[in-house]
S.K.: 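Have a look at the structure that comes next, please.
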Amino acid sequence: MDQKSSPEPVPSWIPASGHALRHTGVHFDAVRMGGVLGEQVAYEITQFTDFLAGPIVRSWIGERSTYFLLPPRSAAAYAWPPGARLMGRDARCDAFVGVPALDGHTWPLDWRSRPTGEAPYVDPGLLHELTLGVLKSV
């Protein structure tokens with residue numbers, strides 16, 4: 001089997017079709033940002049990483065939240081500013097994030113950036129730094 005032409009393995013927490021709720025702190029931590037803040041931070045991090053930001057999920061209902069998926073137990077190391085909510089086991093509450101399949105009908109969720117072998121998660125330090133930068137510029 002030619003490794004170069006083989007597709008990257010799909011993480012076990014991504015459903016084969018539709019979407020599924022995943023418990024934060026197990027496969028990933030999450031930082032949720034609503035509305036324009038989430039979209040701006042997602043734009044900044046994808047530009048900064050040359051479109052290899054790691055997994056970012058968008059929800060198209062309600063506040064239209066953006067979920068940045070970080071390595072498990074990594075998000076609590078940062079003091080997240082107002083507008084960025086930590087969702088992980090260290091957040092002292094149970095939380096679930098909807099995760100869409102890579103293909104097919106996944107509304108109301110979709111991928112703003114997909115996980116890859118090079119970027120299986122969003123880098124928590126970079127996300128924190130860029131979030132603070134976006135908030136300062138507003």
Side-chain angles (χ1 to χ4, degrees):
M1 175 189 219
D2 181 8
Q3 293 289 352
K4 292 182 182 174
S5 64
S6 297
E8 291 188 21
V10 176
S12 63
W13 46 267
I14 296 179
S17 63
H19 48 78
L21 289 177
R22 298 295 187 233
H23 194 217
T24 59
V26 176
H27 298 289
F28 53 79
D29 281 356
V31 173
R32 181 180 74 193
M33 297 181 206
V36 174
L37 174 62
E39 281 298 317
Q40 185 62 40
V41 172
Y43 173 81
E44 295 292 332
I45 202 166
T46 55
Q47 294 297 308
F48 188 85
T49 61
D50 198 24
F51 299 93
L52 291 172
I56 303 171
V57 175
R58 284 188 294 202
S59 173
W60 290 100
I61 57 174
E63 187 184 17
R64 297 197 172 162
S65 296
T66 304
Y67 297 85
F68 300 85
L69 308 185
L70 286 57
R73 301 206 178 259
S74 66
Y78 299 89
W80 296 98
R85 180 173 175 232
L86 163 63
M87 300 175 73
R89 289 216 169 150
D90 296 328
R92 298 185 192 99
C93 66
D94 284 333
F96 295 85
V97 171
V99 175
L102 293 177
D103 298 303
H105 181 69
T106 63
W107 190 89
L109 304 173
D110 73 356
W111 290 103
R112 178 70 167 81
S113 174
R114 295 176 179 221
T116 65
E118 296 165 315
Y121 297 103
V122 173
D123 179 278
L126 178 60
L127 177 64
H128 186 258
E129 180 181 333
L130 291 174
T131 301
L132 293 175
V134 167
L135 287 170
K136 283 182 185 177
S137 69
V138 199

S.K.: Roughly how far apart are M33 CE and Q40 CD, rounded to 0.5 Å?
M.R.: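 It is 11.0 Å, given to the nearest 0.5 Å.
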S.K.: Give the table of side-chain donor-acceptor pairs shorter than 3.5 Å for residues 100-110, with sequence neighbours excluded, one pair per line with atom names and distance.
M.R.:
residue : atom : partner : partner atom : Å
T106    : OG1  : L109    : O            : 2.6
D110    : OD1  : R58     : NE           : 3.1
D110    : OD1  : W60     : NE1          : 3.2
D110    : OD2  : R58     : NH2          : 3.2
D110    : OD2  : W60     : NE1          : 3.2

S.K.: Does the side chain of W111 reach to within under 4.5 Å of the side chain of P55, using non-hydrogen atoms?
M.R.: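 They are in contact (side-chain heavy atoms under 4.5 Å apart), so the answer is yes.
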S.K.: Would you name the heavy atoms of V31 and A75 that are closest together and state the gap between them?
M.R.: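 Closest approach of V31 to A75, heavy atoms only: CG2-CB, 4.3 Å.
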S.K.: What closest approach, in Å, do V134 and S137 show between heavy atoms, and which atom pair accounts for it?
M.R.: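 Minimum heavy-atom separation between V134 and S137: O-OG, 2.8 Å.
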S.K.: Is the closest side-chain heavy-atom distance between L127 and W80 below 4.5 Å?
M.R.: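 L127 vs W80: side chains touch.
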S.K.: Locate the shortest heavy-atom distance separating I14 from P115; write the atom from each residue and the value.
M.R.: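 The pair with the smallest heavy-atom distance is CD1-CG, 3.7 Å.
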S.K.: Which heavy atom of D29 sits nearest a heavy atom of S74, and at what distance?
M.R.: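 Reported closest heavy-atom pair: OD2-N, 3.0 Å.
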S.K.: Using a 4.5 Å cut-off on heavy atoms from C-beta on, say whether the side chain of V97 contacts that of F28.
M.R.: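 Yes, side chains in contact.
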S.K.: For G83 and L37, work out which heavy atoms get closest and say how close.
M.R.: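 The answer is O-CD2, 3.5 Å.
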S.K.: Using a 3.5 Å distance criterion without hydrogens, assess whether the side chain of T24 forms a donor-acceptor pair with backbone atoms of A30.
M.R.: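 Between the backbone of A30 and the side chain of T24 there is no qualifying donor-acceptor contact (under 3.5 Å).
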S.K.: Side-chain contact test, heavy atoms from C-beta onward, threshold under 4.5 Å: evaluate it for R112 versus Y67 and give yes or no.
M.R.: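 The answer is no, as the side chains (C-beta and beyond) never meet within the 4.5 Å cut-off.
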S.K.: Looking at Y78, I want to see if its OH is surrounded by more than 12 non-hydrogen atoms of other residues, nucleotides or ligands under 6.0 Å.
M.R.: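 Yes, because the 6.0 Å sphere around OH of Y78 holds more than 12 heavy atoms from other groups.
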S.K.: Is any side-chain heavy atom of V41 closer than 4.5 Å to one of T66?
M.R.: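 Answer no - side chains too far apart.
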S.K.: Would you mind writing out the side-chain donor-acceptor pairs for residues 15-23 within the sub-3.5 Å range, not counting sequence neighbours?
M.R.:
residue : atom : partner : partner atom : Å
R22     : NE   : W13     : O            : 2.7
R22     : NH2  : W13     : O            : 3.4
H23     : ND1  : R89     : NH2          : 3.4
H23     : NE2  : D94     : OD1          : 3.2

S.K.: Where do P124 and L70 come nearest, in terms of heavy atoms and distance?
M.R.: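 That would be CB-CD2, 3.4 Å.
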S.K.: With a 4.5 Å cut-off on side-chain heavy atoms, are Y121 and P72 touching?
M.R.: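 P72 vs Y121: side chains touch.
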S.K.: Partners of L126 by side chain to side chain contact (heavy atoms under 4.5 Å, CB included), sequence neighbours excluded?
M.R.: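 Side chain to side chain contact (heavy atoms under 4.5 Å, CB included) check on L126 returns I45, F48, T49, D123, L130.
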S.K.: Same cluster or not: L132 versus I56, using hydrophobic residues (I, L, V, M, F, W, Y) connected whenever any side-chain heavy atoms lie under 4.5 Å apart?
M.R.: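 Each belongs to a different hydrophobic cluster.
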